[in-house]
Amino acid sequence: MEVLGYYNYWVFAVLLMIGFYAVIARSNLIKKLLGLAIFQSAVFLMYITMNKVEGGTAPIIQKGVVDQIFSNPLPQVLILTAIVVGVSTTALGLAIVVRIKETYGSIEEHEIFEADLPK
Amino acid sequence: MNFSEHLPALQVVVPLLSAPLIVLLRSNGLAWAAATATSLMAFAIAVAITLGVLDGQTFPYSMGGWPAPYGIALGVDSFSAILLLIVSGASSFALLGGRPSLNSQIEAHRQPLFYAAWMLALAGLSGIVVTADAFNIFVFMEISSLASYVLIAGGPDRRALPSVFKYLVMGTIGATFYLIGIGLVYMMTGTLNLADMEVRIQGVADQSPILVAAGFITIGLALKAAVFPLHAWLPNAYTYAPHMVTVFLAACATKVSLYVLLRFDFFVFQQNLAGHAFQFATFLMPLAVLAVVVASAYALFERNLKRLLAFSSVAQIGYILLGASLVSTAGLTASGLHVFNHALAKGTLFLAVACLAMRFSSLHLQDLSGAAKSMPLTMAAFCIAGLSLIGVPGTAGFISKWYLIGAALNEGALGIGLAVIIVLSSLMAVVYIWRVVEAAYFHTPNTSAVNIKEAPRELLIITLLAALANIYFGVNSAVPVALASDAANLLMGHLQ
Amino acid sequence: MFLIVAIAILVTMALAIVRALLGPSVYDRVLAVNVFGTKTALLLAVVAFLFGRPDFLDLALTYALINFVGVLAVLNFFQKRSSAAAKEKATQNHG
Amino acid sequence: MSTEKLILGALLAPLIGAVAIGLGAKLSDNVREAATLITALILCAIVWTIVPEVLAGGRPQLTLAEVVPGIEIAFRIEPLGMLFAALASSLWIINSIYSIGYMRGNKEKNQTRFYIFFAVALSATIGIAFSANLFTLFLFYELLTLSTYPLVSHKGDENSVRSARVYLGVLLTTSIGLLLPAIIWTYLVAGTGDFTVGGILAGKLQGPAVGLLLGLFVFGVGKAAVMPVHRWLPAAMVAPTPVSALLHAVAVVKAGVFTVTKVIVYIFGVDFLFAEPSGAWLLYAAAFTVISASVVALRQQNLKRLLAYSTIAQLSYVVMAAAILKPLAEIGAAVHIVAHAFGKITLFFAAGAIYVASKKTEVHQLRGIGHQMPWTMGAFTIGALSMIGVPPTGGFVSKWYILAGAFQADNYVAVATIILSTVLNAAYFLPIIYLAWFAQPKAPQADHGEAPFPAVFALSVTALLTIGFFFFNGPVLELERQIVQGVSP
Amino acid sequence: MITVFAVFLLTLLVITAVAIVRTENLFIAVMLAAIFSLLMAANFFILDAADVALTEAAVGAGVTTVIFLSALALTASQERAKPSARMLSVGVVSVTVVVLLYATFDKPRLGDPNAPVQQHVAPWYLEQTPELIDIPNVVTAVLASFRGYDTLGEVFVVLAACIGVLFVLSAGTSGGPQPVRPETPGLRHHLIPKVVGRLLVPFIILFGLYVQFHGEYGPGGGFQAGAIIATAFILHALLEGESAGLRAIPRSALLTMAAGGAIIYAGVGILTMLLGGSFLDYSVLHSNSVKGQQYGIIAIEAGVGITVCGALLAIFHAFAAREQS
């Protein structure tokens, strides 16, 4: 558990880095959205990591079983919300990308930027 | 429970519930009417809350009847009252007068969706302000952000699309940073309620995660608030948004994020982190100064009227931060006042821009030559609001500049330097407002612009009303000053 | 018993990922994704038993369904692509 | 009617007049000009109604609003302000009469706008004169700047717009950049900005800070045109002559020196400033302005520019007088505001009359013009003599008091400056007078005759006032003695 | 043993993420993103978050992938690399991560029952739920009642996204009923998808309803159910073609669903206010407060399910029915 305790957080940090990098460095708008999704997922992982209790189980109370240890329900609730928020953002972002493609004929950031430069 | 106890919940729920109802309306006229009525209702609620707050009420509210920290609590104080007033006020003004402008920019069949998104933005911003729960702030921040993206994407210029995409990406990064920060604090305290956090952080032995959390929350919110140099999304988003959306968002959107930032830093972190006041000041003050100077300089050279004003907004956010970064009652009073007064000034300016845009096809300064000849009332309103932005006495903008310089001068030698910078940037504001005035008043009109009439009546009336508000609050500032100084005392009260 | 099964599934998953990463053709990857989905569903089922909470089989069921829809979406995508490409080609020929 | 209502009336009368002018213009030009004159008369009547009370030692006041705690929009009439208001409101009548002649004679465009903004500027002037604290003063100071801008740029051609931009640029920049910080500083240090006999800064500030604050005030009040913030004055010469008269005699520059004097007397306090060595530079700055502006005036060929530099020099007389920091000199400063106003308005009226009648603007064109326009040039001569300070003109009275104050303070720099500048004044005014009366035109001139009657009438009146002030200055001195009450001799 | 599983899955997660960023073929990137989502869901499951795992699978891996694919069909599937200064990005990213790693050194270890998170608030939920609300799934109790206001917000986020996508994609159209491409045959000419699909659709809907109403007892609830039912209709549309899919539930009905669910949710809140409680205080719905809570939860979960289903379907159709430019 010790090792895993670190490992989860490290993976969280690494995923965050990968996603963040894709958002900043990639020019393709869809790639940016994918990066954003990874970026957000990393945070979900962090929250869910902290909800775990050793020897615990999902916080659904079973009839007739006593002395069960439950993991923390609260981060789960938060992340349920956050996942839906993430999907919503992605969907809206994609809609905008589709419109950009229709008006600019490209989904590469630098090409769009160049298209609007005064000639 | 009697009705007045429900006010903070109603502030959010009324516009929130109206959004799906408006979606179901098929007629755009009805949609507009419903949105306007809702917005006015929200404004009335905000006024009622403000009156209560001035009376010393705090409006505690437990959502679902569950006590904090188990349930979600709401609460309102003077600081929130300022924000509620400008959020619902800006929305009401923009909707009341904005129909002609919106009709010219948004196709009829898209309007019900547009007004629904507007209501969601209104509800989201109000929701952020009234809540006392860290995660709930995130949820409503996302409602308001998504809705704002939609509103801005309504801009008829194709450049609205890349602008809004940039806003979406940067906004989401900001929100996610905030979420990381909340996660770290939650990890160390086990609570999401702000007041409870404040108490429990004191018991945390190891502060490094809290410190990192403070950093993430500050940066995330700074992104949302367009604090220099994280303002990259703002100028284009404001420029290419529909004019009425710019009126609404420029008046209040970034300020709500600043509000959360200040709440967090003062309520949750300041007294609990060793030297946080110092870190807060040393981190934000240079940014604030840079924002004030650099963004004003950008505005000096900008030729598109809306972009010019957008850059000015970045500079004005710098003023608000500058006041806060002094970490003193006087400084925070100045910040609170500037939140209010800048909303007035910038809202009016963008309303005047909307008036101009009704009659001029382009908002480049050279295309607005002689606008004052054909639209004297609009330009008069623009001038008054411009003076307010500069901070000329007799207008609302002066009040906050007055307090800001006063607060700066309390700080000794550093303060004198800050005061000089404030004065210099006010002069820069004189110049960039002057360039507009000069084009409008003293350049000969283009031949195509000779037969231009004043803006449509309702838009014009609202614009003039807003301009008068600038003067009224410049002469009688008792209410905003009372709210702001009370807010400052509250924030500083948590420092002891 | 469950453990051995679980490990076997993990190995399969790794193999599927390798295929998805290396390709070489798009179809290899589609297939890999499909396989991977199936294996995840299996893994969940096994882990549910390992945890002693067999009622979580619901989840595995969801995974299986989702996986199927995903594959159909991919197929649909290809169909659209090819028809669009054909249309493009046609207009090019005319032009 | 109570005095509070009179104060409000004095502020509102020009504004209501402005509306009346705008409405009247729709009927006919005559109605519009009648409205202007009637408004001027009403304002003058109101202001003069207040005079006896102030002479009797009353200090009527009125608080309009409290902007933020401690900062009020309030009015309080003390002798200096009374003097200024009476001067401005009286001269407005004469100026209006002159304007009618000038504007009609020149067939200027946008006359309605001209009269409206003139009226607004007068309201601002009254506000400055009556203001009870720095904040109110600043408010009306800015209003005056803004309302005179359309007047300066009246012609609307490129040249006048450019000059008007200099005008506005200098005045706004200095007021927001220097004056406003000075005011805020004062409020912070003293806790108030009320004009109080004996000053409010004594004991609150010492050392170099006093000199710095004084500098912010003096250069912040760009309207006082102390070098190097004098650039706007020559630039503003593009304006029509009645506007120049307004700028130089009635309102604008007077508002500047009035403000500086008021700040020295009521904010710093004469005694406090006298005891504080870091404030002494002001005298030298003013003296330098007096001399160098006179030297520049000497080299001017354009009559109005010459008068402009003369004004700069004369303004610094007032500032210097105030900076001598002795009661007699303070009286001299106040008296010089009046004397210079009469003299300079006469000179401008004359210059405008010459332009209307003959389209001449340069000094060398004036050879022998005195024979064609005897009234005008007679008045010009009187005005010029007053500038030099020759009895029996008003200029002599004020120079006398300033000189007396300088001796009282043993301030020989001031004495030397006054003497030297008198010589310089004579050096640039006397040749003009000589040219006008005694030189023969080089070429035969068209017989243009005198200017329109209203213009000649107006300049005759002001010339008479210039002389009259030499003999009848008792009430003014009485009023001004009250300023320095409480100041040690 | 679970530790090994987790480490293994997490490693795969990182590898997948790197691959997503590196590949220049967007289609492959989306496929990999689906894998990423499934892996993430598996991880959630191992970390005892069954509800989240279900949501991530249904929403993340399912619906998101479908929407991404429909968007790709309208844009481009190949990325064009640009020459850019990557140093800045690397710098910003590295600083962020170093700061985060600095924070993680002091984080409570995974599973530590003495961590502050497990000491405060959470135990109260676990203890009080049986008494106050009396449903087995504590996550549902917290979601729907204790923090019901958050969930309300979440529903409106979905509604906002739905409004947004419809609004953005309605640009440039005339506004009337939008034409559907006639040549969208779907996949009905392919035998296996057709048979399997047609068989599955009713079962998926049934399963969705189960998840909806079993949410109080097991993992699941409105969100997951809404997403699953939406998936069923998406499947139907994929099989039978867009026009058939839209005939089954027309656009206006979808929008009405999305709005209606939100109205139900907020309406319950208003009702509780009128009955004398706080907003969303379900206790007042019945004389027995526990019963009241349960009624309230069922009602709002229904609202959530309707909104999510309607909104996701509306979003899908907005993309799928659009002509490629």
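A note on names: the letters A, B, ... follow the listed sequences, proteins ahead of strands, and every chain is numbered from 1.
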Non-hydrogen atoms of E:A42 and C:Y63 that approach each other most closely: N-OH, 3.8 Å
Just so I know, are the side chains of C:L21 and E:T23 near enough to count as touching, which here means a heavy-atom distance under 4.5 Å? no
Which heavy-atom pair separates E:A58 from C:T62 by the least distance, and what is that distance? CB-CG2, 4.4 Å
Below 4.5 Å, heavy-atom pairs only: which of E:P219, E:G62, E:A57, E:A61 has the largest tally toward chain C? E:A57
Less than 4.5 Å to any heavy atom of chain C: does that hold for the side chain of E:L54, its backbone, both, or neither? both
Quick one: which of E:L32, E:L38, E:T16 gives a side chain to side chain contact (heavy atoms under 4.5 Å, CB included) with C:F36? E:L38
Spacing of E:M31 atom CE and C:L31 atom CG [to the nearest 0.5 Å]: 12.0 Å
So what's closer than 4.5 Å to chain E heavy atoms on C:L72: side chain, backbone, both or neither? both
Heavy-atom contact with chain C under 4.5 Å, split by part of E:Y217: neither
Side chain, backbone, both or neither of E:A41 within contact of chain C (heavy atoms, under 4.5 Å): both
Honestly, the part of C:L43 sitting under 4.5 Å from a heavy atom of chain E is side chain
Would you mind checking which part of C:A48 comes under 4.5 Å of any heavy atom in chain E, side chain (CB onward), backbone (N, CA, C, O), both or neither? both
Do E:F45 and C:T40 have side chains that get closer than 4.5 Å, going by heavy atoms? no
Nearest-0.5 Å distance, CG of residue C:L61 to OH of residue E:Y210: 9.0 Å
E:I35, part contacting chain C, at a heavy-atom distance under 4.5 Å: both
